Amino acid sequence: MCKKLKGIMALAMALVCFAPSVIVNAEEIAPVTEAVPVEVAPAEYVSPEAQLYNQTAAEVSVTQATRQLVFIGDSRTVGMKSAVGKDGNIWSAKIGMGYSWMKSTGVPQVEASINSNTDVVILMGVNDVRSLSYTSKYASYINEKAATWTALGASVYYVSVNPMAFETSSYPGITNSVIESWNSRMKSGLSANVTYIDTYSQVLGKVSSSDGIHYSRGTYKTIYSLIGQSILSDKTEKAYAAALSATQPAPEVAVVPQEPVPAY
């Protein structure tokens with residue numbers, strides 16, 4: 001019995017001696033940190049209309065990258081081609097030319113290239129702006145050709161006559177006021193087959209030129225880019241309108257009850 005008691009006491013003393021080290025070790029263990037759930041920002045709502053527009057814009061962008069652009073113009077178009085390079089486009093342009101050249105040469109030399117995969121871009125008029133009556137001739141001829149080209153599946157664009165960087169005696173009678181009148185008449189005279197592109201208002205006061213009428217390479221590149229953006233925007237808007245219309249349910253047709261025909 002004494003031996004058993006002594007054994008128990010020895011075990012108790014051993015536990016007392018061992019306990020502090022256990023406690024110390026326990027204190028050295030890093031406390032467990034509870035994971036704080038990360039709040040996930042709710043996805044921004046995109047309306048069905050916006051989704052359709054974005055999808056349409058992407059599709060139009062892919063299609064537009066494969067289309068052929070045909071440029072018809074005067075010395076400013078010659079300068080643009082020089083600034084941007086051929087860039088896969090077809091160019092018909094000559095220095096100092098106007099309405100007569102456009103009809104006799106400018107259009108005929110590229111017309112065979114116009115088809116369903118073509119966008120025709122006309123940049124002409126600055127050499128004729130002194131005679132505002134010419135706008136009716138321009139509009140009539142462009143409308144006539146556009147009817148034929150759009151029937152083939154092409155798209156037709158007339159680009160505004162762009163501004164003078166500064167007025168000069170080297171080009172008497174060509175002022176921005178006259179150009180604005182020209183552009184206004186052309187815009188109102190073009191048919192639904194021709195889309196008017198207004199680059200004039202976008203570059204007014206921002207063009208760089210050494211002689212007032214012909215631009216620097218940088219300005220030509222800017223105008224070229226604006227034309228491309230305008231074509232893409234025009235086609236996206238039209239394609240979106242068509243796609244949106246296709247998603248709308250057909251209007252219900254009211255059925256008018258027929259009065260029975262009396263028997264005789």
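This is a predicted model, so every value here is computed, not measured. These numbers come from the heavy atoms of this one structure, side chains and all, not from hydrogens, waters or symmetry mates.
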When clusters are formed by joining ILVMFWY residues with side-chain heavy atoms under 4.5 Å apart, either directly or through shared neighbours, do [X] and [Y] land in the same one?
{"X": "V161", "Y": "M186", "answer": "yes"}
{"X": "L244", "Y": "Y53", "answer": "yes"}
{"X": "I231", "Y": "V110", "answer": "no"}
{"X": "V156", "Y": "V159", "answer": "no"}
{"X": "L204", "Y": "M164", "answer": "yes"}

Inset, instruction - May I ask you to check whether over 12 heavy atoms, not counting those of L132, lie within 6.0 Å of atom CG? - result: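 Yes - once you tally the heavy atoms of other residues, nucleotides and ligands closer than 6.0 Å, there are more than 12.
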
Inset, instruction - Count the heavy atoms belonging to other residues, nucleotides or ligands that lie under 6.0 Å from NZ of K238, then report whether that count exceeds 12. - result: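 Yes, because the 6.0 Å sphere around NZ of K238 holds more than 12 heavy atoms from other groups.
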
Do the side chain of [X] and the main chain of [Y] share a donor and acceptor less than 3.5 angstrom apart?
{"X": "W91", "Y": "K86", "result": "yes"}
{"X": "S160", "Y": "Y200", "result": "yes"}
{"X": "S225", "Y": "T222", "result": "no"}
{"X": "N54", "Y": "A50", "result": "yes"}
{"X": "R76", "Y": "N162", "result": "yes"}
{"X": "R67", "Y": "A154", "result": "no"}
{"X": "S230", "Y": "L226", "result": "yes"}
{"X": "E167", "Y": "G212", "result": "no"}
{"X": "T56", "Y": "T236", "result": "no"}

Less than 3.5 Å apart, any donor N or O on the side chain of [X] or [Y] sitting next to an acceptor on the other?
{"X": "S140", "Y": "N143", "result": "no"}
{"X": "Q51", "Y": "Q55", "result": "no"}
{"X": "Q64", "Y": "D119", "result": "yes"}

Looking only at non-hydrogen atoms, find the nearest pair between [X] and [Y] and report the distance.
{"X": "S113", "Y": "T118", "answer": "O-OG1, 3.4 Å"}
{"X": "A146", "Y": "N193", "answer": "CB-CB, 3.9 Å"}
{"X": "V178", "Y": "V129", "answer": "CG1-O, 3.2 Å"}
{"X": "L190", "Y": "A139", "answer": "CD2-CA, 4.3 Å"}
{"X": "S92", "Y": "Q109", "answer": "OG-NE2, 2.5 Å"}

Legend entry - Qualifying residue for side-chain contact (heavy atoms from CB on, under 4.5 Å) with L123, from D74, T77, I72: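 When D74, T77, I72 are each tested with L123, the side-chain contact (heavy atoms from CB on, under 4.5 Å) holds only for T77.
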
Legend entry - Name of the residue among T219, N89, T199 meeting side-chain contact (heavy atoms from CB on, under 4.5 Å) with Y224: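 Result for side-chain contact (heavy atoms from CB on, under 4.5 Å) with Y224: N89.
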
Flag side-chain contact, heavy atom, 4.5 Å: [X] against [Y]:
{"X": "Y158", "Y": "K187", "value": "no"}
{"X": "W149", "Y": "V107", "value": "yes"}
{"X": "V203", "Y": "P163", "value": "yes"}

Inset, instruction - Just say parallel, tilted or perpendicular for the rings of Y138 and Y99, cut-offs at 30° and 60°. - result: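 Because their plane-to-plane angle lies in the 30° to 60° range, the rings of Y138 and Y99 count as tilted.
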
Point-to-point distance, once rounded to the nearest 0.5 Å, from [atom1] of [X] to [atom2] of [Y]:
{"X": "I227", "Y": "L69", "atom1": "CD1", "atom2": "CG", "answer": "9.0 Å"}
{"X": "I179", "Y": "S184", "atom1": "CD1", "atom2": "OG", "answer": "13.5 Å"}
{"X": "Y220", "Y": "H214", "atom1": "OH", "atom2": "NE2", "answer": "5.5 Å"}
{"X": "Y215", "Y": "I223", "atom1": "OH", "atom2": "CD1", "answer": "5.0 Å"}
{"X": "Q68", "Y": "I90", "atom1": "CD", "atom2": "CD1", "answer": "4.0 Å"}
{"X": "M80", "Y": "S75", "atom1": "CE", "atom2": "OG", "answer": "11.0 Å"}

Inset, instruction - Would you check, one step at a time, whether the test side-chain contact (heavy atoms from CB on, under 4.5 Å) holds for S188 with Y196? - result: CA-CA 9 Å; S188 62; Y196 178 84; over 6 Å; no

Legend entry - Cation-aromatic face contact K137/Y134, 6.0 Å, 45 degrees: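 Cation-pi check for K137 and Y134: passes.
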
Legend entry - Step-by-step side-chain contact (heavy atoms from CB on, under 4.5 Å) determination, Y141 to I122: CA-CA 12 Å; Y141 178 70; I122 300 172; over 6 Å; no

Inset, instruction - Check the pair D211 / S209 against side-chain contact (heavy atoms from CB on, under 4.5 Å), numbers first and verdict last. - result: CA-CA 6 Å; D211 65 357; S209 171; 3.1 Å; yes

Inset, instruction - Output, in order, the C-alpha distance, side-chain angles, deciding distance and verdict of side-chain contact (heavy atoms from CB on, under 4.5 Å) for M102 and D128. - result: CA-CA 12 Å; M102 178 176 67; D128 291 320; over 6 Å; no

